[in-house]
A.B. asks: 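I'd like to ask you about the structure that follows.
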Amino acid sequence: MDGLLGLNGATGFELWSPTVNPDLTAFNGVYGDRAIFRGTFTDEVNSDDMVLFTVIAYDLQTTKEAWRYVGLPNNASINVRGNYAFAWKSSTEMDILDLQSGKVLSTYIFDVDPAEFTDLNPGWVRFIYSDSAFYSLSPAGVLREYSLPDATLVKTINIETPYFIDTYLIENDSL
């Protein structure tokens with residue numbers, strides 16, 4: 001297995017030894033039976049002219065590379081919930097990946113009304129991910145729910161005091 005140390009969870013003893021893999025630059029975490037890493041940069045750029053990096057998933061059972069995704073800009077991270085991986089490939093586009101296969105299931109295009117940023121509560125749109133949906137919360141208190149895996153808008157709710165919910169979401173990253 002390149003770049004990953006396998007340990008027995010009960011005893012802590014090593015199951016297999018890693019070898020150096022120059023493709024891996026950062027460990028993102030273990031989700032189910034996948035270990036997710038940020039890989040090295042590629043020759044590709046996104047719509048924001050940012051260089052794209054790879055995301056590499058290893059199967060913990062076989063210790064082999066399960067899939068590789070090209071499309072993560074330098075300042076982005078990959079979020080994983082349930083069977084999905086969420087990869088922001090630009091400031092306005094997010095790919096929703098199947099965690100097992102790495103296949104892009106859908107692409108979400110971020111488009112928000114500019115009026116939602118001129119509220120008394122300035123800030124950024126927050127994104128929250130769950131096993132069955134993902135949500136966006138604007139500074140003006142507009143909460144949107146999108147279904148998975150197709151990123152279809154399910155409902156929109158206007159919240160009177162978004163700063164309370166915004167604080168909760170920042171601290172807990174969930175609803």
Side-chain angles (χ1 to χ4, degrees), residues 26 28-39 41-42 44-59 65-119 121-160 162-175:
N28 196 76
V30 172
Y31 307 95
D33 64 350
R34 296 287 186 255
I36 308 293
F37 292 85
R38 178 197 268 315
F41 65 90
T42 68
E44 296 181 42
V45 295
N46 66 11
S47 59
D48 296 332
D49 288 329
M50 298 176 76
V51 173
L52 297 178
F53 288 72
T54 57
V55 174
I56 302 170
Y58 281 99
D59 183 303
E65 183 175 313
W67 52 264
R68 187 177 287 234
Y69 167 80
V70 175
L72 198 66
N74 184 39
N75 66 344
S77 64
I78 191 163
N79 295 294
V80 179
R81 293 290 186 278
N83 297 320
Y84 305 103
F86 304 89
W88 282 95
K89 61 185 187 179
S90 74
S91 59
T92 59
E93 277 186 84
M94 175 177 63
D95 279 342
I96 300 167
L97 312 173
D98 178 89
L99 184 59
Q100 292 302 306
S101 68
K103 177 184 174 194
V104 176
L105 301 172
S106 63
T107 298
Y108 166 72
I109 306 296
F110 176 57
D111 183 27
V112 67
D113 183 347
E116 293 182 35
F117 292 99
T118 59
D119 187 67
N121 180 27
W124 299 274
V125 171
R126 307 286 185 213
F127 285 87
I128 309 95
Y129 309 94
S130 78
D131 293 353
S132 60
F134 71 95
Y135 305 84
S136 67
L137 176 64
S138 76
V142 179
L143 179 67
R144 292 181 175 90
E145 177 183 349
Y146 299 89
S147 64
L148 289 175
D150 58 1
T152 300
L153 179 63
V154 175
K155 64 183 162 188
T156 301
I157 302 169
N158 292 311
I159 301 168
E160 294 281 329
Y163 45 90
F164 292 120
I165 291 178
D166 191 37
T167 301
Y168 179 78
L169 296 176
I170 293 168
E171 291 175 0
N172 297 294
D173 191 30
S174 63
L175 287 176

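Residue numbers start at 1 and run along the sequence shown. Keep in mind that this is a model prediction, so the values were computed, not measured.
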A.B. asks: Hey, could you give me each pair passing salt bridge (Lys or Arg N to Asp or Glu O under 4.0 Å) that has a residue in residues 99-112? Not counting sequence neighbours.
C.D. replies: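 Pairs touching residues 99-112 that pass the test: none.
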A.B. asks: Are any of the side-chain heavy atoms of L143 and Y135 separated by less than 4.5 Å?
C.D. replies: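 Contact flag for L143/Y135 side chains = yes.
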A.B. asks: Decide if atom CG of N83 counts as having more than 12 heavy atoms of other residues, nucleotides or ligands within a radius under 6.0 Å.
C.D. replies: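 No, the 6.0 Å shell around CG holds no more than 12 heavy atoms from other groups.
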A.B. asks: Where do F53 and G39 come nearest, in terms of heavy atoms and distance?
C.D. replies: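 Shortest heavy-atom separation between F53 and G39 comes out as CD2-O, 3.3 Å.
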A.B. asks: Excluding sequence neighbours, so at least two apart, what forms salt bridge (charged side-chain N to carboxylate O under 4.0 Å, His left out) with E93?
C.D. replies: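 Only K89 meet the salt bridge (charged side-chain N to carboxylate O under 4.0 Å, His left out) criterion with E93.
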A.B. asks: For the residue pair A85 and V80, what are the closest heavy atoms and their distance?
C.D. replies: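 In this case the closest contact between A85 and V80 is CB-CG2, 4.1 Å.
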A.B. asks: Okay, side chain of S138, backbone of V142: is any donor-acceptor separation there less than 3.5 Å?
C.D. replies: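 Yes, because the side chain of S138 sits within donor-acceptor range (under 3.5 Å) of the backbone of V142.
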A.B. asks: Can a donor-acceptor pair be found, under 3.5 Å and without considering hydrogens, that links the side chain of T152 to the backbone of S147?
C.D. replies: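 No, because the side chain of T152 does not come within donor-acceptor range (under 3.5 Å) of the backbone of S147.
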A.B. asks: Do D33 and D59 have side chains that get closer than 4.5 Å, going by heavy atoms?
C.D. replies: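 Of all side-chain heavy-atom pairs linking D59 with D33, at least one is under 4.5 Å.
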A.B. asks: Counting C-beta onward and ignoring hydrogens, is there a side-chain heavy-atom pair between I96 and L148 closer than 4.5 Å?
C.D. replies: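 Contact flag for I96/L148 side chains = yes.
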A.B. asks: With sequence neighbours excluded, what pairs up with D98 under the side-chain hydrogen bond (donor to acceptor under 3.5 Å, both in side chains) test?
C.D. replies: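 For D98 the side-chain hydrogen bond (donor to acceptor under 3.5 Å, both in side chains) partners, ignoring immediate neighbours, are S101.
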A.B. asks: Report the residues that fulfil side-chain hydrogen bond (donor to acceptor under 3.5 Å, both in side chains) with T107, sequence neighbours left out, ordered by chain and then residue number.
C.D. replies: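 side-chain hydrogen bond (donor to acceptor under 3.5 Å, both in side chains) list for T107, sorted by chain: D95.
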A.B. asks: Would you check if I36 and I78 make a side-chain contact, meaning some heavy-atom pair closer than 4.5 Å?
C.D. replies: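 Counting from C-beta outward, I36 and I78 do come under 4.5 Å.
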A.B. asks: Compare all side-chain heavy atoms of P149 with those of Y84 and state whether any distance is below 4.5 angstrom.
C.D. replies: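 They are in side-chain contact.
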A.B. asks: Taking all atoms of both residues into account, what is the closest heavy-atom pair of V104 and L97, and its distance?
C.D. replies: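 Heavy atoms of V104 and L97 come nearest at CG2-CD2, 3.4 Å.
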A.B. asks: Between T54 and L72, is there a side-chain heavy-atom distance shorter than 4.5 Å?
C.D. replies: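 Sidechains of T54 and L72: no contact.
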A.B. asks: Are V55 and R38 packed together at the side-chain level, in the sense that at least one heavy-atom pair is separated by less than 4.5 angstrom?
C.D. replies: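 The answer is no; the side chains never approach within 4.5 Å.
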A.B. asks: S91: what forms a side-chain hydrogen bond (donor to acceptor under 3.5 Å, both in side chains) with it, not counting sequence neighbours?
C.D. replies: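 Listed in chain order: D48.
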A.B. asks: Is there a side-chain contact between L99 and Y31 (heavy atoms, below 4.5 Å)?
C.D. replies: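 Yes. Closest side-chain heavy atoms under 4.5 Å.
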A.B. asks: Please confirm whether Y58 and F37 have ring centers closer than 6.0 angstrom.
C.D. replies: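 Ring centres of F37 and Y58 closer than 6.0 Å.
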A.B. asks: Would you confirm whether the ring centroid of F134 sits within less than 6.0 angstrom of the ring centroid of Y108?
C.D. replies: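 So the answer is yes for these two rings.
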A.B. asks: Measuring from atom OG of S90 to atom CE of M50, what distance do you get when rounded to the nearest 0.5 angstrom?
C.D. replies: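 Spacing of OG (S90) from CE (M50) equals 9.5 Å.
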A.B. asks: Can you tell me how far apart CD1 (I56) and CZ (R34) are? Round to the nearest 0.5 Å.
C.D. replies: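 One gets 13.5 Å once the value is rounded to the nearest 0.5 Å.
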A.B. asks: Only one of Y146, F110, F86 forms a side chain to side chain contact (heavy atoms under 4.5 Å, CB included) with M94, so which one is it?
C.D. replies: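 Checked Y146, F110, F86 against M94; only one passes side chain to side chain contact (heavy atoms under 4.5 Å, CB included): F86.
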A.B. asks: With salt bridge (Lys or Arg N to Asp or Glu O under 4.0 Å) as the rule and sequence neighbours excluded, what pairs involving residues 135-149 come up?
C.D. replies: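 Non-adjacent pairs meeting salt bridge (Lys or Arg N to Asp or Glu O under 4.0 Å): E116-R144, E145-K155.
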A.B. asks: Could you report the tightest heavy-atom contact between P73 and W88, atom names first, then the distance?
C.D. replies: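 Of all heavy-atom pairs spanning P73 and W88, the closest is CD-O, 2.9 Å.
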